[in-house]
Amino acid sequence: MTMKSIFFLAAIAPLIFAGPADAQKRGERQQVFNAMRDGRLLPLKEIERRVLPSMAGAQYIGVELDLGSGIYTLKFLRDGTVIWVEVDGRSGQILGRTSN
């Protein structure tokens with residue numbers, strides 16, 4: 001087998017062996033992309049730009065997006081406590097946060 005063949009097989013292997021979960025994730029990513037492109041959802045970077053300054057002293061853990069409601073949930077850690085901040089993905093308005 002030539003080196004070119006090995007690289008080709010390595011490149012297409014994820015496509016061949018991708019399962020239903022991979023297809024679902026691709027579909028969800030496409031829906032998010034379409035929503036941002038159409039102006040129905042703000043990009044994550046814009047949401048972070050609005051929220052992160054208000055969370056000084058907390059470690060940013062990550063984010064989840066409920067595509068159905070358009071709500072981003074940003075997760076932070078401060079003094080051993082997890083803090084969730086819910087943000088309207090359409091307007092960027094902070095809807096609420098757990099106390100701390």
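Since the model is a prediction, treat every value here as computed from it, not as a measurement.
For Tyr72 against Leu42, the heavy-atom pair with the smallest separation is OH-O, 2.5 Å. Of all the heavy atoms in Thr98 and Val82, the pair that sits closest is OG1-O, 3.8 Å. Heavy atoms only, all atoms of each residue included: Leu74 and Val87 are closest at CD1-CG2, 4.1 Å.
Summarising the geometry, atom CH2 belonging to Trp84 is positioned 10.0 Å from atom OG1 belonging to Thr73; distances are rounded to the nearest 0.5 Å.
You'll find the side chain of Leu67 reaches within 4.5 Å of the side chain of Val32, heavy atoms only.
Two different hydrophobic clusters hold Met36 and Ile71 under the rule that ILVMFWY side chains link at heavy-atom gaps under 4.5 Å.
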Practice item. I would like to know whether Leu65 and Leu41 meet side-chain contact (heavy atoms from CB on, under 4.5 Å); could you show each step before the answer? Key: CA-CA 10 Å; Leu65 171 64; Leu41 191 63; 3.7 Å; yes
Tell me which donor-acceptor pairs under 3.5 Å the side chains of residues 53-64 have, and how far apart each pair is, sequence neighbours excluded?
from, atom 1, to, atom 2, distance (Å)
Ser54, OG, Val51, O, 2.7
Tyr60, OH, Glu48, OE2, 2.7
Glu64, OE2, Lys75, NZ, 2.6

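Residues passing the salt bridge (charged side-chain N to carboxylate O under 4.0 Å, His left out) test with Arg50 are Glu46, sequence neighbours excluded. Taking the side-chain contact (heavy atoms from CB on, under 4.5 Å) definition, one finds that Arg40 meets it with Asn34, Ala35, Asp38, sequence neighbours left out.
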